[in-house]
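Notes to accompany the following structure.
A note on names: the letters A, B, ... follow the listed sequences, proteins ahead of strands, and every chain is numbered from 1. The figures here come from the full heavy-atom set of this structure, side chains too, leaving out hydrogens, waters and symmetry mates.
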Protein chains: 2
Amino acid sequence: MKRADRLFQIVNFLQGRRMAVTAERIADEFDISMRTVYRDIRDLITTGVPINGEAGVGYMLDKSYYLPPMTFDVEELEVLMLGAAMVSSWTDKDMSVSARTLIKKVRNALSERDRETFEGIALFAPPSRARLPWAINFSDLRKAVRKKEKLILDYADEQGRATERTIRPLSLVFMGPVWMMLGWCELRSDFRNFRLDRMQKVTHTGELFEDTPETALQTYLDSMGICDGLKL
Amino acid sequence: MKRADRLFQIVNFLQGRRMAVTAERIADEFDISMRTVYRDIRDLITTGVPINGEAGVGYMLDKSYYLPPMTFDVEELEVLMLGAAMVSSWTDKDMSVSARTLIKKVRNALSERDRETFEGIALFAPPSRARLPWAINFSDLRKAVRKKEKLILDYADEQGRATERTIRPLSLVFMGPVWMMLGWCELRSDFRNFRLDRMQKVTHTGELFEDTPETALQTYLDSMGICDGLKL
DNA sequence: CACTATCCTGACAATTTTTGTCAGTATGCT
DNA sequence: AGCATACTGACAAAAATTGTCAGGATAGTG
């Protein structure tokens with residue numbers, strides 16, 4: 001089991017690096033010869049790990065997440081499939097595509113026999129009347145949450161008055177058919193929820209923020225008495 | 001890579017069997033000695049596969065699904081997390097628990113560094129006003145879809161009239177804040193959608209059904225012109 | 001262009017891991 | 001008690017992995 005283990009660790013070693021890594025560097029790290037590194041990389045690639053090698057440069061791993069073998073029970077796998085299907089129907093094009101890829105990947109990994117079990121378990125028809133159109137892009141918001149990038153929001157409030165605010169995006173909240181973004185509003189110096197369907201325009205500032213005790217997501221959750229039940 | 005492969009196949013071999021399988025049987029199947037089987041099983045168990053061995057009986061695998069190592073990109077993993085969170089908030093207690101377990105399992109499989117990326121991406125507050133209470137159990141329906149078990153439904157239609165029908169549950173559909181069950185209604189000999197919040201009682205008949213060309217999910221989808229966009 | 005840094009491959013012996021054999025113990029079932 | 005089976009340790013046999021060496025190929029650079 002030594003080799004299988006090392007393969008996993010090599011991926012980990014490659015993960016999250018900006019610069020290419022040479023075979024020599026890897027050989028050094030794991031105390032193996034370069035020849036073995038080449039063999040390991042070859043095997044990783046054939047099992048689907050997106051490593052790119054370039055002569056004269058080194059190895060780069062596409063930004064990806066390598067999960068070790070895992071066992072799920074039927075419920076967990078059903079959550080995965082159901083969840084991906086919900087996301088596919090209720091977010092935007094980009095995520096919908098990813099959701100489908102995810103479902104396909106997982107389905108393909110199952111045995112023939114098991115695949116049927118998860119046929120048609122869930123199906124989703126987001127009724128157009130319930131789903132208000134967005135002027136903005138869901139994925140942009142998601143990325144901003146992930147990167148902790150401040151956004152400038154052109155927003156129409158409940159009375160339809162347009163405002164422009166700088167916010168720190170903290171989380172996305174799904175309320176029935178409506179998506180909201182929870183953010184720290186720099187104008188009001190407080191937490192605010194913004195409906196995605198009321199956002200007119202989102203401008204990326206490129207400016208990143210750090211969580212402070214006052215502006216962190218956890219603070220908001222605590223203040224709302226949300227401890228575990230709803231928080232992810 | 002031969003061993004790692006065989007380990008995976010052994011799990012597959014064990015999967016979906018009612019009777020215990022002896023080491024001898026496995027040894028035979030894979031052309032290896034029993035000693036090796038014992039070693040393989042030991043290693044599988046230490047990597048978390050839920051195999052139970054009993055002296056005098058053989059091996060049994062808890063009903064579970066073993067996924068091989070897989071790579072996901074950031075979007076796919078986000079779909080997984082987001083989806084599980086949605087399921088956790090929008091279904092019932094049982095699935096909610098499974099969703100949390102799923103999220104924990106996947107998080108634990110990620111490296112320290114990556115774990116942070118998926119912190120607080122999404123958070124869900126199912127507003128109680130939008131979520132109508134159910135008299136029945138979501139998980140029961142899910143299981144019936146999976147098993148293809150006919151159900152007897154006490155249902156209140158739009159005018160509030162109570163009816164009792166035998167249906168073949170085909171799929172669960174999430175429409176905004178409302179869940180529906182799509183089924184083939186034996187009373188009307190046609191497809192019908194039933195809102196979960198209008199179901200008064202669900203009786204399990206124990207009777208299983210086979211899809212026929214007339215009653216299959218695919219037929220319904222085709223008739224609705226749903227081809228790919230919404231189907232899972 | 002030549003040069004460097006690197007990826008990549010084949011062959012084969014050295015090394016390490018896996019496997020089989022054997023001998024024995026432990027445990028659940030009838 | 002007797003049987004069927006899981007399980008373990010020791011050690012030699014077999015197989016896989018690894019290192020070494022001797023190349024070839026290719027991207028980037030002066």
Nearest-angstrom distance from the residue atom [atom1] of [X] to [atom2] of [N]:
X	N	atom1	atom2	answer
B:Asp31	D:dA15	CG	P	12 Å
A:Asp28	D:dG19	CG	P	12 Å
A:Lys2	D:dT17	NZ	C1'	9 Å
B:Ile32	C:dT21	CD1	C1'	15 Å
B:Ile51	D:dA6	CD1	C1'	13 Å
B:Asp40	D:dA6	CG	P	14 Å
A:Met19	D:dG28	CE	P	13 Å
B:Asp43	C:dT17	CG	P	14 Å

Indicate whether the side chain of [X] and that of [Y] have a donor and an acceptor atom separated by less than 3.5 Å.
X	Y	value
A:Ser139	A:Asp92	yes
B:Thr212	B:Thr215	yes
A:Asp43	A:Thr46	no
A:Ser88	A:Ser96	yes
B:Thr22	B:Arg25	no

Protein heavy-atom contacts under 4.0 Å, written 5' to 3' over nucleotides 4-13 of chain C as B (base), S (sugar-phosphate only) or - (none), form the string -BBBBBBB--
Test side chain to side chain donor-acceptor pair (under 3.5 Å) applied to A:Lys143 - qualifying residues, sequence neighbours left out: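 Applying side chain to side chain donor-acceptor pair (under 3.5 Å) to A:Lys143 gives none.
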Kindly say if A:Thr36 contacts the phosphate of D:dT18, meaning a side-chain N or O under 4.0 Å from OP1 or OP2.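 Indeed not, no polar side-chain atom of A:Thr36 lies that close.
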Would you call B:Lys148 and B:Glu210 a salt bridge, using N to O less than 4.0 angstrom?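 Salt bridge absent between B:Lys148 and B:Glu210.
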Once you apply a heavy-atom cut-off of 4.0 Å, does B:Arg6 come out as touching a base, just sugar-phosphate, or nothing?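 Sugar-phosphate, backbone atoms only, no base.
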Which word best sums up how the rings of B:Trp179 and B:Phe138 line up, parallel for under 30°, tilted for 30 to 60°, or perpendicular for over 60°?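 Perpendicular: the ring planes of B:Trp179 and B:Phe138 meet at over 60°.
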Bend angle of the helix from C:dC1-D:dG30 to C:dT30-D:dA1 from five-pair axes at both ends, rounded to 10°?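 The end axes of the helix from C:dC1-D:dG30 to C:dT30-D:dA1 are about 50° apart, to the nearest 10°.
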For the rings on B:Phe72 and A:Tyr65, is their centre-to-centre separation under 6.0 Å?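 They do not qualify: ring centres at least 6.0 Å apart.
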